[in-house]
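The structure's right below; bear with me while I get my questions together.
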Amino acid sequence: MKKIEDIIIQGIRDALSGTLNIVVEDKFLALQKTKKEFEGSLTLVVFPFVKQAKMAPEKLANILGEVLVDSVEEIDSFNVVKGFLNLVISAAYWKNALEYISDTEQYGFSKPNSKPHCMVEYSSPNTNKPLHLGHLRNNFLGYSVSEIRKANGHEVTKVQIINDRGIHICKSMQAWISSGLEETPESTGMKGDKLVGKYYVEFDKQYKKEIAELIGEGQDKGEAERNASSIEAARELLVKWESKDPEVYALWEKMNQWVYDGFEKTYDDMGVDFDRIYYESETYLLGKSVVMDGLASGVFEQEDDGSIWIDLTAEGLDKKILLRSDGTAVYMTQDIGTAIKRFEEFPSLKELVYIVGNEQDYHFRVLFLILKKLGYVWASDCYHLSYGMVDLPEGKMKSREGTVVDADDLMLQMSETAKEITEELGKLEGMEESEKNELYRMIGMGALKYYLLKVDPKKRLLFNPNESIDFNGNTGPFIQYTYARMQSLMSRYGKAIPNVSHDAGCNSSELALIELLYDFPEIISNASDGYSPALLANYLFSLAKTFNSFYQSSNIMKETDGDIQGNRMVLVQVTAGVIKRGMKLLGVGVPDRM
RNA sequence: GGGCGCGUAGCUCAGCUGGAUAGAGCACCUCCCUUCUAAGGAGGCGGUCCUAGGUUCGAAUCCUAGCGCGCUCACCA
């Protein structure tokens, strides 16, 4: 189906070159949506070429309008306000559009795997702590960005990297050992990640205590932090781990496994998945060897103490360490190795997207620059989707102050809230208990995911745990509710949805809905190119709102004209389809009733 | 201090590569369930778009400076 914008632009171009005998640059020939308070669907701003036309804006707009109405079949009428030419598109065109939408399978989506292969890295947790609210935003974003890109035709590989080695996990190990309790998830009934996290907290407590004691004995802060016996023990574990001391390695494997088991449950609850998992312990050695190669080729330089650096001062950045003097790897080392490994493993890869918080902006600038300097041409295909931190009303989440919002707790709480609200409304008569529970989860998770996804990823996000999350207004449940209403209409209608009738008239609320549905493909494309589930979320909200308005103003079941009723049912069906598939891209399910 | 980012209604946010009287949701106030699910709809109240300059026919949007906030500049991750 030919896009109305293209038809009109062509018409305008013809009118300009014909009647007015001027040629206008393409960039000025952009149509915009007509503002609500004016009549029409699309608007041309004529200011940019009044000079060329040597005419007052209004006169020019009127002339163009008249020519367009005559020459372009799809334009019914026009009106001019100052230099704005508002065009009214014929109902016939919109009915054709509706028919096209209704007849098009997977309307709005592009052919699978028709666009470049893209890898999306998200989640990327450390293995010493359970997942929290920040991870939720990360995971929901990563999943949704991936699904949106798929819908837009990209081949997508979802990956995560697990920071499974390093001093952090050694801290948990050290606290576990020194407790002497031999606690396991089985013996305590705790989720594995929670148990390991508990020991991380305990380590920190003990460590702080020792520091205070050492300071009391007259050491300065830096000394005390270095000399505390627990950190020395943890450091020793790390050294032993690197030399693959069997006992330490076994404990490391055991405790990491506990964490993985715990994470798996959390990922399952989140509804996210991965095609490939990378472990830092598997990639840091490659990183190290690449750094050594870079040293040999002169990209990097070595200090007297043996540490290896890159000097980026010429690029306006600083010097960055790539390998410690004792030869051990830093974060950057393994990230270099991991990126290379990925492009080797997937030769078709055309893009690597990192979903990582904006606190690491600098890290990724440096990483991409290093890869470029090392001569990897794909360095420019790497993109850091830098999302804003999730803040609480009192500021950052701080584990020390116990303000970290745990992912498992929050998800559970959302389902419970959904249950309370649903029971209060009491609309689930006759539904099975298990079905109800599934619904509560769907609504609770819908609220949570939508809440975290509706904001532009790049912006910081404020989360107020007390006010929690709304179920009214611009929310997931609002959209789910609208969908449930549509399902109710479909079952009430009780017969097959007919084809679009071209004879039936269209009221304004129907037209508004068709026009929005018409935008869906462009929204998918924009959300994909801009890595922004928020664009899709806000679109779905306005679609739901527009539907509700239509629902309220145009009674369907009571409509006596069969053609009109049929067209309305087509609208219901098509809107439901767009909402369902759109929400799925956000990772949110929609219920048949609620 | 250097670098990066942000500052729109009481609150949370939309406003894409400049376009009309700056929009939603929440909160507050009016109406609308003997009518397809009121988790809904219709309307009202509410804004010097941080400030000051500049570019432009036109600036919330682009440029410069200032103010405020955040992140970052580790042999941490």
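In what follows, every chain begins at residue 1, and chains take the letters A, B, ... in the order their sequences are listed. The structure presented is a predicted model; accordingly, all values stated were derived computationally and were not measured.
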Flag for Asn139(A)-Ser123(A): side-chain donor and acceptor within less than 3.5 Å =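 Yes.
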
Side chains of Met442(A) and Met594(A): does their closest heavy-atom pair fall under 4.5 Å?
->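 Counting from C-beta outward, Met442(A) and Met594(A) never come under 4.5 Å.
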
Side chains of Asp456(A) and Tyr387(A), donor plus acceptor under 3.5 Å =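 No.
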
Nucleotide N/O to protein N/O under 3.5 Å, stretch nucleotides 59-65 of chain B:
none

Rounded to whole angstrom, note down the C1' distance from rU51(B) over to rA60(B).
->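 Between the two C1' atoms, the distance is 14 Å.
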
Using the P atoms only, state how far rG58(B) lies from rA20(B), rounded to an integer number of Å.
->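 Each nucleotide's P atom is 14 Å from the other's.
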
Run the side-chain hydrogen bond (donor to acceptor under 3.5 Å, both in side chains) check on Ser281(A) and Asp164(A) step by step: do they pass?
-> CA-CA 6 Å; Ser281(A) 58; Asp164(A) 60 345; 2.5 Å; yes

Produce a footprint string for nucleotides 4-10 of chain B: one letter per nucleotide, 5' end first; B if the base is under 4.0 Å from any protein heavy atom, S if only the sugar-phosphate is, - if neither.
-> ---S---

Check each residue of residues 309-327 of chain A for a non-hydrogen atom within less than 4.0 Å of any atom in RNA chain B, then write out the ones that pass by number, or none.
->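 Contacts with RNA chain B under 4.0 Å: Trp309(A), Asp318(A), Ile321(A), Arg324(A), Ser325(A).
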
Give Ser554(A) one of three labels, base, sugar-phosphate or nothing, depending on what nucleic acid heavy atoms sit under 4.0 Å from its own.
->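 Contact class for Ser554(A): base.
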
Could you state the CG-P distance from Leu425(A) to rG40(B), rounded to the nearest angstrom?
->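 After rounding, the reported distance stands at 10 Å.
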
Atom P, compared across rG19(B) and rU72(B): separation rounded to whole Å =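 To the nearest whole Å, 34 Å.
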
Return yes if some donor-acceptor pair links the side-chain N/O of Asn358(A) with the main-chain N/O of Asp361(A) below 3.5 Å, else return no.
->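 No: the side chain of Asn358(A) does not pair with the backbone of Asp361(A).
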
Syn or anti: how is rC45(B) classified when any glycosidic angle within 90° of 0 counts as syn?
->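 You should classify rC45(B) as anti.
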
Between Tyr200(A) and Lys171(A), is there a cation-pi geometry (under 6.0 Å to ring centre, at most 45° from the normal)?
->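 Cation-pi check for Lys171(A) and Tyr200(A): fails.
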
When rounded to the nearest Å, what value does the distance between C1' atoms of rU12(B) and rC67(B) take?
->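 Straight-line distance between the two C1' atoms is 24 Å.
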
Show your reasoning for whether salt bridge (charged side-chain N to carboxylate O under 4.0 Å, His left out) applies to Lys436(A) and Glu423(A).
-> CA-CA 10 Å; Lys436(A) 280 185 186 171; Glu423(A) 282 178 345; over 6 Å; no

Salt bridge (charged side-chain N to carboxylate O under 4.0 Å, His left out): pairs with one or both residues in residues 309-320 of chain A, sequence neighbours excluded |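 As it turns out, the salt bridge (charged side-chain N to carboxylate O under 4.0 Å, His left out) pairs with a partner in residues 309-320 of chain A, which skip direct neighbours, are Glu301(A)-Lys319(A), Glu303(A)-Lys319(A), Glu315(A)-Lys373(A).
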
How many Å lie between CG on Leu461(A) and C1' on rC11(B), as a whole number?
->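 It is 14 Å, rounded to the nearest whole Å.
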
Mind checking Gln360(A) for me? I need base, sugar-phosphate or nothing, with any heavy atom below 4.0 Å counting as a touch.
->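 Base: the residue Gln360(A), judged by heavy atoms under 4.0 Å, touches a nucleobase.
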
rG54(B) and rU61(B), which share atom name P, separated by this distance in whole Å =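 Per the computed distance, 14 Å lies between those P atoms.
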
To the nearest 0.5 Å, tell me how far Leu410(A) CG sits from Leu131(A) CG.
->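 The CG atom of Leu410(A) sits 12.5 Å away from the CG atom of Leu131(A).
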
In whole angstrom, give me the gap between the C1' atoms of rC71(B) and rG53(B).
->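 To the nearest whole Å, 29 Å.
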
All pairs passing side-chain hydrogen bond (donor to acceptor under 3.5 Å, both in side chains) where residues 48-58 of chain A contributes a residue, at least two apart |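 For residues 48-58 of chain A: none.
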
Residue list, ring-ring contact (aromatic ring centres under 6.0 Å, His included) with Phe84(A), at least two apart or on another chain =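 Scan of Phe84(A) (ring-ring contact (aromatic ring centres under 6.0 Å, His included), adjacent residues dropped) gives Phe47(A).
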
Any salt bridge (charged side-chain N to carboxylate O under 4.0 Å, His left out) involving residues 31-45 of chain A? Give me the pairs, sequence neighbours left out, ordered by first then second residue.
->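 Applying salt bridge (charged side-chain N to carboxylate O under 4.0 Å, His left out) to every pair that reaches into residues 31-45 of chain A, excluding sequence neighbours, yields Lys33(A)-Asp519(A).
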
Taking CG from Leu462(A) and C1' from rC69(B), how many angstroms apart are they, rounded to a whole number?
->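 Atom-to-atom, Leu462(A) to rC69(B), this comes out as 13 Å.
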
At under 4.0 Å between heavy atoms, what does Arg593(A) touch on the DNA or RNA strands: base, sugar-phosphate, or nothing?
->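 Result for Arg593(A) = base.
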
Whole angstrom is fine here: how far is it from CG in Asn163(A) over to C1' in rC76(B)?
->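 It works out to 11 Å between those atoms.
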
May I ask you to say what Met389(A) touches in the nucleic acid, namely base, sugar-phosphate or nothing, with a heavy-atom cut-off under 4.0 Å?
->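 Counting heavy atoms under 4.0 Å across all strands, no contact is made by Met389(A).
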
Interatomic distance at P, rC33(B) relative to rA24(B), whole Å |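 My reading of the P atoms in rC33(B) and rA24(B) gives 25 Å.
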
Distance in angstrom units between Ile556(A) CD1 and rU37(B) P, rounded =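 Interatomic distance, CD1 of Ile556(A) to P of rU37(B): 10 Å.
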
Closest heavy-atom pair and its distance - Leu535(A), Ile523(A) |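 So the minimum-distance heavy-atom pair works out to O-CG2, 4.1 Å.
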
What protein N or O atoms touch nucleotides 24-27 of chain B N or O atoms at under 3.5 angstrom, if any, and at what distances?
{"unit_1": "rA24(B)", "atom_1": "O2'", "unit_2": "Lys545(A)", "atom_2": "NZ", "d": "3.4"}
{"unit_1": "rG25(B)", "atom_1": "O2'", "unit_2": "Asn474(A)", "atom_2": "N", "d": "3.2"}

Rounded interatomic separation in angstrom, taking CG from Asn548(A) and P from rA38(B) =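 Interatomic distance, CG of Asn548(A) to P of rA38(B): 9 Å.
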
Specify the separation, in whole Å, of atom CD1 of Ile579(A) and atom P of rG40(B).
->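 So the two atoms are 14 Å apart, to the nearest Å.
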
Between rU56(B) and rC62(B), how far is it from one C1' atom to the other, in whole Å?
->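 To the nearest whole Å, 10 Å.
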
Heavy-atom side-chain proximity of Gln302(A) to Ser307(A) below 4.5 angstrom =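 Side chain of Gln302(A) against side chain of Ser307(A), heavy atoms only: no contact under 4.5 Å found.
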
NA contact type, Asp592(A), heavy-atom cut-off 4.0 Å: base, sugar-phosphate, or nothing?
->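 Since a base atom lies under 4.0 Å of Asp592(A), the category is base.
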
Could you list the residues that satisfy ring-ring contact (aromatic ring centres under 6.0 Å, His included) with Phe471(A), not counting sequence neighbours?
->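 Not a single residue meets the ring-ring contact (aromatic ring centres under 6.0 Å, His included) criterion with Phe471(A).
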
Which word best sums up how the rings of Tyr331(A) and His363(A) line up, parallel for under 30°, tilted for 30 to 60°, or perpendicular for over 60°?
->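 The rings of Tyr331(A) and His363(A) lie parallel, inter-plane angle below 30°.
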
Give the ring-plane orientation class for Tyr354(A) versus Phe364(A), where under 30° counts as parallel, over 60° as perpendicular and anything between as tilted.
->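 Answer is tilted, since the angle falls between 30° and 60°.
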
Show each protein N/O and nucleotides 17-21 of chain B N/O combination with a separation under 3.5 Å, one pair to a line.
{"unit_1": "rA20(B)", "atom_1": "N6", "unit_2": "Thr43(A)", "atom_2": "OG1", "d": "2.9"}
{"unit_1": "rA20(B)", "atom_1": "N6", "unit_2": "Asn86(A)", "atom_2": "OD1", "d": "3.0"}
{"unit_1": "rA20(B)", "atom_1": "N1", "unit_2": "Asn86(A)", "atom_2": "OD1", "d": "3.0"}
{"unit_1": "rA20(B)", "atom_1": "N1", "unit_2": "Asn86(A)", "atom_2": "ND2", "d": "3.3"}
{"unit_1": "rU21(B)", "atom_1": "OP1", "unit_2": "Lys82(A)", "atom_2": "NZ", "d": "3.1"}

Identify the pairs formed between an N or O of the protein and an N or O of nucleotides 30-32 of chain B at a distance under 3.5 Å, and give each distance.
none

Measure from the side chain of Tyr362(A), starting at C-beta and using heavy atoms only, and say which of rC73(B), rU37(B), rA14(B) lies closest.
->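 Closest nucleotide among those given: rC73(B).
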
Short heteroatom pairs, N/O only, protein and nucleotides 45-47 of chain B, under 3.5 Å:
none

Side chain of Arg485(A) only, please: which of rA14(B), rA77(B), rU37(B) is the nearest?
->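 So the side chain of Arg485(A) is nearest to rU37(B).
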
Would you kindly say whether Thr127(A) and Asn256(A) are connected by a side-chain donor-acceptor distance under 3.5 Å?
->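 Side-chain D/A pair, Thr127(A) to Asn256(A): present.
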
Between rG58(B) (C1') and Lys51(A) (NZ): distance, integer Å =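 It works out to 12 Å between those atoms.
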
Please walk me through it: do Phe550(A) and Phe547(A) pass ring pair (Phe, Tyr, Trp, His ring centres under 6.0 Å)?
-> CA-CA 5 Å; Phe550(A) 153 74; Phe547(A) 177 85; 5.6 Å; yes

